[in-house]
Amino acid sequence: GSSTANEGDTKHYTYTTTDPGTETFTHTASCGLNGTPSNDLFTAATGAGSFDCAFPDGPATSTVKVTVDDGDGGSDDDTVSVTVANVPPTATFTTGPNSANEGQTKHYTYTTSDPGTETFTHTATCGLNGALSNDVFAAATGAGSFDCTFPDGPATSTVKITVGDGDG
């Protein structure tokens, strides 16, 4: 299995077991503090298996571990330290014009996507020739809207939304 993952990734881990005796094996698979196990498949006769680990948020480190017991008091484990990287959010304007007459107020809306579990922050700006108002933001989803008033023209102004995921 992999020793790196991006937040939101699910990684697959496989393992084998060797033992000179005739055993019926048991096992424990875990994904550590920052991972969630699923699809745990195990063959008691051979001690072989596989499982998946979902890594919901980064940056983080998680220890993926499997322990196999032979039923006779013997056991062994193996671990992989997984570095989970943060993925930056993506903010996308969903509505908003790219032109205005002097004195007009224009409305802009946006959404944010991020594979991690985040509480978002934001900064909305209307540029050097615009004035911001009615700034509404949902920290849980990263979605929002705001208005820009453009008092005088001709002028050029850059309307911008910056969204942070709280993880840098």
Side-chain angles (χ1 to χ4, degrees), residues 1-15 28-41 49-67 77-168:
S2 181
S3 63
T4 61
N6 288 329
E7 66 181 359
D9 281 355
T10 297
K11 298 293 183 174
H12 187 70
Y13 297 88
T14 61
Y15 57 93
T28 304
S30 67
C31 297
L33 295 175
N34 297 301
T36 304
S38 64
N39 299 322
D40 188 359
L41 303 172
S50 66
F51 59 100
D52 294 338
C53 290
F55 302 102
D57 199 23
T61 301
S62 205
T63 301
V64 174
K65 180 178 181 179
V66 64
T67 303
D77 60 50
D78 198 7
T79 62
V80 176
S81 180
V82 179
T83 301
V84 183
N86 180 50
V87 175
T90 301
T92 305
F93 278 111
T94 53
T95 64
N98 60 2
S99 65
N101 292 325
E102 64 181 1
Q104 283 188 318
T105 298
K106 298 295 182 173
H107 187 70
Y108 298 86
T109 62
Y110 59 93
T111 59
T112 302
S113 62
D114 189 296
T117 305
E118 314 294 357
T119 299
F120 297 102
T121 59
H122 83 293
T123 304
T125 60
C126 296
L128 294 175
N129 299 301
L132 178 70
S133 62
N134 299 320
D135 187 5
V136 177
F137 179 71
T141 64
S145 65
F146 59 95
D147 294 338
C148 290
T149 302
F150 303 99
D152 195 23
T156 300
S157 204
T158 301
V159 176
K160 182 177 177 180
I161 183 66
T162 302
V163 178
D165 65 5
D167 294 326

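In this text the structure is predicted, and so the values were computed from the model without any measurement.
- Looking only at distances, no side-chain donor or acceptor of Glu7 sits under 3.5 Å from a matching main-chain atom of Pro115.
- Evaluation of the salt bridge (charged side-chain N to carboxylate O under 4.0 Å, His left out) rule for Asp135 yields no partner, not counting sequence neighbours.
- The ring pair (Phe, Tyr, Trp, His ring centres under 6.0 Å) check on Tyr15 picks up nothing, with sequence neighbours excluded.
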Please tabulate, for the side chains in residues 30-38, all donor-acceptor contacts under 3.5 angstrom to protein atoms that are two or more places apart in sequence or on a different chain.
| unit_1 | atom_1 | unit_2 | atom_2 | d |
| --- | --- | --- | --- | --- |
| Asn34 | ND2 | Thr61 | O | 2.7 |

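- Evaluation of the salt bridge (charged side-chain N to carboxylate O under 4.0 Å, His left out) test over residues 107-119, restricted to residues two or more places apart or in two chains, returns none.
- Applying the side chain to side chain contact (heavy atoms under 4.5 Å, CB included) criterion to Ser133, with sequence neighbours excluded, gives Asp147.
- Applying the side chain to side chain contact (heavy atoms under 4.5 Å, CB included) rule to Ala139 yields the partners Thr119, Phe137; only residues at least two apart in sequence or on another chain are considered.
- For residues 52-66, the set of pairs meeting the salt bridge (charged side-chain N to carboxylate O under 4.0 Å, His left out) definition, not counting sequence neighbours, comprises Lys65-Asp77.
- Listed for the Thr149 side chain is no donor-acceptor partner under 3.5 Å among the backbone atoms of Pro151.
- Here side chain to side chain donor-acceptor pair (under 3.5 Å) pairs that include residues 159-168, with residues two or more places apart or in two chains, are Asn86-Asp165.
- When all heavy atoms of Ser145 and Tyr110 are compared, the closest pair comes out as N-CE2, 3.7 Å.
- Residue pairs meeting the disulfide (SG to SG under 2.5 Å) criterion with at least one member in residues 109-168, sequence neighbours excluded, are Cys126-Cys148.
- Nearest approach of Pro56 to Ala54, heavy atoms of both residues: CD-O, 3.4 Å.
- Listed by first and then second residue, the ring pair (Phe, Tyr, Trp, His ring centres under 6.0 Å) pairs involving residues 140-168 are Tyr108-Phe146 (not counting sequence neighbours).
- Under the rule for a side-chain hydrogen bond (donor to acceptor under 3.5 Å, both in side chains), Ser157 has no partner lying at least two apart in sequence or in another chain.
- Shortest non-hydrogen contact noted between Asp40 and Phe51 is CA-CB, 3.9 Å.
- The list of side chain to side chain donor-acceptor pair (under 3.5 Å) pairs with a residue in residues 87-102, not counting sequence neighbours, reads Thr94-Thr109, Thr95-Thr109.
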